[in-house]
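Before we start, here is the structure in question, set down as structure tokens.
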2 protein chains.
Amino acid sequence: MKTQQTAEGGARPAGRPRSEKAERSIIEATLELLGEGIGVSELSIESIAGRAGVGKTTIYRRWSNKEDLVVDALATLKPPIPLPQGGTVRDDLVTYLRVIQEESRHHRTRCIMNIAMSDSERHPRLTERFRELAVEPRRAVVAAVLHRGMKTGELRADLDVDMALALLSGAMIWLTKWSHSGDYQPDLPERIVDEALKGFRPRPVTAEA
Amino acid sequence: MKTQQTAEGGARPAGRPRSEKAERSIIEATLELLGEGIGVSELSIESIAGRAGVGKTTIYRRWSNKEDLVVDALATLKPPIPLPQGGTVRDDLVTYLRVIQEESRHHRTRCIMNIAMSDSERHPRLTERFRELAVEPRRAVVAAVLHRGMKTGELRADLDVDMALALLSGAMIWLTKWSHSGDYQPDLPERIVDEALKGFRPRPVTAEA
DNA sequence: TGATTATGAAACGGTCCTGTTGCGTATCGG
DNA sequence: CCGATACGCAACAGGACCGTTTCATAATCA
């Protein structure tokens, strides 16, 4: 994914090798700045170089443009929290939403998410990268949980998995963004899941809670 | 909401009055540029002046900073489409989601929405303004539809209205943004509403469709 | 050692924008 | 008519950043 690569295999190209430390500093500085609310378009190479304690030359030598750098920076984000996957389907879904909620409270995650959400027009590659790194893995995990529920009978057998994921995730994001009381509501995940489950459950439901 | 105002009441302050036409041109140019994907931070007074066929002075005379201008520009956006409110609750909800879907296909609306969604950290006033202008009116309309359904028995009597709105709107936005096939899916509103309704309906449901 | 490449720092000319000022003209009230 | 204010336009100094180049220094290989 690097824009310019030198060593490839065993043949070292002679001369001083590129500093891995500098590379890490650059990417870390990039993520820091993005995490502080700087948008991609305002992000300047000079500010990154300054933050990383690195000459501009060192950056330009490795990435030919800003977007490539940001793409590589996003690539270093680990897919965080693989979800417990232990209890009932309801519990797993609540846990999933709680992770989203918790992340949206941290500056860094929230800003990076904003970038992915907003810059899809001008930076489609960033959005696609974010989808691969953050959205898709979670979609897969939640889809597995839902399928498990459909097998055990805890959920409708004809449930539309993608639709269910959209309802849950979308509601969480919507409420976090537009809830009149922007406060932190610890019971939000439970409320969303319970409200949604009434549609996910098989029709002949009898008991509640 | 204007930053600097002169005339106030009957006493005109003497001299040539400010051109209403210029003012409209400025705001229109601002909305145009935002609609073309320019972010708030990249939006320059010079580009607005150029687009509007106006001197920079004319802009600086009225607004002391860019954010005030954008706020005023957003304020001119009409709350579009008051929703038919005629048929069944299901039909009204489908119509509501169809409006969202249709808007998200138009550049202008989508870009302005992106601004509201993304710049909430750095431009809280813009986000708040957008909430007042775009989110809240619709929330009210949909809430009325839902309450009607709760009275007629088409919906559960203990439905959480805000949660229902979040599930519907959130799912629509989520799918529009992250759906693997980014194509236009005309049946999306129906699918979302029908999937959600299974949770909105009163429990002792018997027949389907 | 010497050839080679990378590094941080600094300086470069260039672009774009800022917010202000001056200018000649246009439009109001009196 | 006059005074006052707004208009579009051009110019200004100042700043941020671009992408490139130069330079002395550092790290690696043969």
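Note: hydrogens, waters and symmetry copies are ignored here, and every other heavy atom, side chains too, is used.
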Whole angstrom value for the distance that separates P of dT7(C) from CZ of Arg24(A):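 Distance, rounded to whole Å: 13 Å.
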Which residues share a salt bridge (Lys or Arg N to Asp or Glu O under 4.0 Å) with Asp91(B), sequence neighbours left out: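 Here no residue qualifies.
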Net bend of the helix from dT1(C)-dA30(D) to dG30(C)-dC1(D), end axes of five pairs each, nearest 10 degrees: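 That helix gives 20° between its end axes.
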Nucleic acid footprint by protein, nucleotides 24-30 of chain D - heavy-atom cut-off 4.0 Å, B for base, S for sugar-phosphate alone: --BBBS-
Residue pairs fulfilling ring pair (Phe, Tyr, Trp, His ring centres under 6.0 Å) with at least one residue in residues 90-112 of chain B, sequence neighbours excluded: none
Value in whole Å for how far the P atom of dC16(C) lies from CG of Leu33(B): 16 Å
Rounded interatomic separation in angstrom, taking OH from Tyr60(A) and P from dA10(C):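 From Tyr60(A) OH to dA10(C) P: 17 Å.
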Test side-chain hydrogen bond (donor to acceptor under 3.5 Å, both in side chains) applied to Ser44(A) - qualifying residues, sequence neighbours left out: Ser47(A)
Members of residues 39-58 of chain B that approach DNA chain C, where some heavy atom sits under 4.0 Å away: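 Contacting residues: Ser44(B), Ile45(B), Glu46(B), Lys56(B), Thr57(B).
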side-chain hydrogen bond (donor to acceptor under 3.5 Å, both in side chains) partners of Ser104(A), counting only residues at least two apart: none
Protein-nucleotide distance (Ile38(B), atom CD1; dC16(C), atom P), rounded to Å: 14 Å
Charged N-O contact under 4.0 Å between Glu23(A) and Arg62(A): yes
Separation of atom CD in Glu67(B) from atom P in dG19(C), rounded to whole Å: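 Checked: the CD to P distance equals 13 Å.
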Would you list the atom pairs, donor with acceptor, under 3.5 Å between side chains in residues 26-33 of chain A and any protein atom, with sequence neighbours excluded?
residue: Glu28(A); atom: OE2; partner: Arg108(A); partner atom: NH1; Å: 3.4
residue: Thr30(A); atom: OG1; partner: Ile26(A); partner atom: O; Å: 2.8
residue: Glu32(A); atom: OE1; partner: Arg51(A); partner atom: NH1; Å: 2.6

Check: Arg129(A) side chain, Ala75(A) main-chain N or O, donor-acceptor pair, under 3.5 Å: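 Checked: no pair found.
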Distance, rounded to the nearest Å, where Arg18(A) contributes CZ and dT7(C) contributes P: 7 Å
Ring pair (Phe, Tyr, Trp, His ring centres under 6.0 Å): pairs with one or both residues in residues 16-54 of chain A, sequence neighbours excluded: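 Sorted result for residues 16-54 of chain A: empty, none.
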Of all pairs that satisfy ring pair (Phe, Tyr, Trp, His ring centres under 6.0 Å), the ones with a partner from residues 115-152 of chain B, not counting sequence neighbours: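 Residue pairs with at least one partner in residues 115-152 of chain B: Trp178(A)-Phe130(B).
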Results of side-chain hydrogen bond (donor to acceptor under 3.5 Å, both in side chains) for Lys56(A) - residues two or more places apart only: Glu46(A)
Spacing of Arg61(A) atom CZ relative to dT20(D) atom C1', expressed in whole Å: 12 Å
Spacing between Lys21(A) atom NZ and dA6(C) atom P, to the nearest angstrom: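 For the pair Lys21(A) NZ and dA6(C) P, the rounded distance is 18 Å.
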Within residues 16-45 of chain B or reaching into it, pairs that qualify as ring pair (Phe, Tyr, Trp, His ring centres under 6.0 Å) - sequence neighbours excluded: none
